[in-house]
Amino acid sequence: MRFEKCFTGFGLLVVAGISACSNSRSDAPVRPAPTDTIKVATAPLTLESTDSAFISEPAALAVSRTAIYVADVGSNHVFEFDRSGKLVRRIGQKGRGPGEFVSTSSLAMVGDTMLAINDPALKRVSLYEIHRHEFGRIIPLPGLSLGIAATGDTLLFGVQDLTHKTSLARVVLRDGSMKQLGPIPASISNNPGVAASFPFGVAAAATSGYRVGFLGSNVIYHVDENGALIDSVVPAIRHRRGVPTDLAERLAMKGASAEVEAASTSSLITMARLPDGRTAVVHMDFTVERTSVTGKAYLSTISANGKSACIDLLIPTTEETRPMFAIHLDTLFAVQNIVQQKSSAVSTTVAAFKIPNCL
């Protein structure tokens, strides 16, 4: 996957905030793929679109037993499709009122009855009642959040508050109670510049308690329901780069060019608990080469006890645009726009991958 180098408001986190850029360079270097590539479970599904209802850039994905939900950057809608790819409806619109969004960074299914829609710009989550086709509660968040997960009637958020002290928030839907908990790694909390560029946590349920990771860090933390640290694990990896060791120096450089500031790195994209207690982790590994950024997506799984891991199964994705991921039961789903080379027409596809148990 190759992108022209482009940067968003997330600063030096080149890859987590990269806008999808379809002007790929044919001469950009490509690293050879490992032989252990996760297999596509079924042929990629093309989602229906119309002139007035199309996805300009997928921002988030959620999958239920009967539906596929895709948040779109351009329109601030969430599109609902059935599992055959037929467009069912558009949910929400651009704005700041109830049922409106400024940005949609993540989606999560709450059972089969509700869709949680996270808007980090407004620091809130909107709950959409699927069967009634209407919005319910709005949940304000204590800080910025890109990641969201659901377990039972509890929502988990990887968050960053203004004091850089909170990595995880938990909301129990039945009573609306919220608790902030979880550790901030010293490598992040001790450096304000790093904290500003890598502030966002990604949370998931665990067999007991929760797991939380950070976009630019390889460490996965395991905390109990009160937020006390149980342990941490650095999954055995081949390709993941984590935070560049000289990031603080790069951040301190004033007026430096993008070529100097940019660094090969990795971004934690998705983390979820599987039905058997394992934790699935998706990261994207990015390499900056001249004027292009090359990205590859990998899947790892961590055992329930955190003692072993399957490492770096390459997720086959195309080179045109950035993919977004969701995990439902034991299946990984990837959504991305595909650019047809001859016609330049754009279509949105969803691919499904059965997550293997190699532990």
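Reckoned from all heavy atoms, side chains included, excluding hydrogens, waters and symmetry mates.
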Write down the atom of [X], the atom of [Y], and the distance for their closest heavy-atom approach.
X	Y	answer
Leu329	Pro275	O-CD, 3.4 Å
Ala204	Arg273	CB-N, 4.2 Å
Pro356	Ile38	CD-CD1, 4.0 Å
Gly147	Ser145	O-OG, 3.0 Å
Ala116	Leu127	CB-CD2, 3.9 Å
Pro58	Thr348	CG-CG2, 4.4 Å

Between [X] and [Y], is any pair of side-chain heavy atoms under 4.5 Å apart?
X	Y	result
Val125	Val171	no
Ile68	Phe79	no
Phe135	Ile91	yes
Phe101	Leu122	no
Ile355	Leu274	yes
Val78	Leu107	yes
Ile55	Val73	no
Phe157	Leu141	yes

message: Applying side chain to side chain contact (heavy atoms under 4.5 Å, CB included) to Leu155 and Leu173, what does each step give before you reach the verdict?
response: CA-CA 7 Å; Leu155 291 179; Leu173 296 180; 3.9 Å; yes
Is there a chain of hydrophobic side chains (I, L, V, M, F, W, Y, each step under 4.5 Å between heavy atoms) that links [X] to [Y]?
X	Y	result
Leu61	Ile269	no
Leu299	Phe353	yes
Val110	Tyr128	no
Val350	Met324	yes
Phe325	Ile327	yes

Donor-acceptor side-chain pairing of [X] and [Y] below 3.5 angstrom:
X	Y	answer
Thr349	Gln336	no
Ser64	Asp112	no
Thr279	Arg211	yes

- line: Applying side chain to side chain donor-acceptor pair (under 3.5 Å) to Lys86 and not counting sequence neighbours gives none
message: Is it the case that over 12 heavy atoms from other parts of the model lie below 6.0 angstrom from the CZ atom of Arg96?
response: no
field: Counterpart residues, side-chain contact (heavy atoms from CB on, under 4.5 Å), relative to Thr331 (two or more places apart)
entry: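 By the side-chain contact (heavy atoms from CB on, under 4.5 Å) rule, Thr331 matches Phe333, Ala352, Lys354.
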- prompt: With sequence neighbours left out, what residues match Ser49 under side-chain contact (heavy atoms from CB on, under 4.5 Å)?
  reply: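 Ser49: side-chain contact (heavy atoms from CB on, under 4.5 Å) contacts with Phe54.
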Roughly how far, to the nearest 0.5 Å, is the [atom2] atom of [Y] from the [atom1] atom of [X]?
X	Y	atom1	atom2	answer
Asn118	Ser106	CG	OG	3.5 Å
Met271	Tyr210	CE	OH	13.0 Å
Ser105	Ile117	OG	CD1	11.0 Å
Thr317	Met284	OG1	CE	5.5 Å
Arg65	Arg83	CZ	CZ	10.0 Å
Leu313	Leu332	CG	CG	10.5 Å

message: Donor-acceptor check, side chain of Arg170 to backbone of Glu225, threshold 3.5 angstrom: yes or no?
response: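 Yes, the answer is positive, given that a donor and an acceptor are paired below the 3.5 Å cut-off.
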message: For the backbone of Leu87 and the side chain of Glu48, can you confirm whether one donor and one acceptor N or O come within less than 3.5 Å of each other?
response: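 Side chain of Glu48 to backbone of Leu87, a donor-acceptor pair under 3.5 Å: yes, one is there.
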- prompt: Please walk me through it: do Leu268 and Val281 pass side chain to side chain contact (heavy atoms under 4.5 Å, CB included)?
  reply: CA-CA 8 Å; Leu268 176 63; Val281 179; 3.3 Å; yes
- request: Go through the steps to decide whether Asp119 and Arg124 satisfy the test salt bridge (charged side-chain N to carboxylate O under 4.0 Å, His left out), and finish with yes or no.
  value: CA-CA 6 Å; Asp119 190 328; Arg124 72 186 192 191; 5.3 Å; no
task: Report the C-alpha distance between Lys179 and Asn226 in whole Å, list the side-chain angles of each, state the deciding distance to 0.1 Å, and finish with yes or no for side chain to side chain contact (heavy atoms under 4.5 Å, CB included).
output: CA-CA 9 Å; Lys179 184 172 184 177; Asn226 294 315; 3.4 Å; yes
field: Candidate pair Asp72 and Ser56, rule side-chain hydrogen bond (donor to acceptor under 3.5 Å, both in side chains), full reasoning
entry: CA-CA 6 Å; Asp72 177 49; Ser56 62; 3.0 Å; yes
task: Test side chain to side chain contact (heavy atoms under 4.5 Å, CB included) on Thr37 and Ile315 and set out the steps.
output: CA-CA 6 Å; Thr37 299; Ile315 305 169; over 6 Å; no
message: Check Glu80 with Arg90, please: is the shortest side-chain N to carboxylate O separation under 4.0 Å?
response: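 Salt bridge absent between Arg90 and Glu80.
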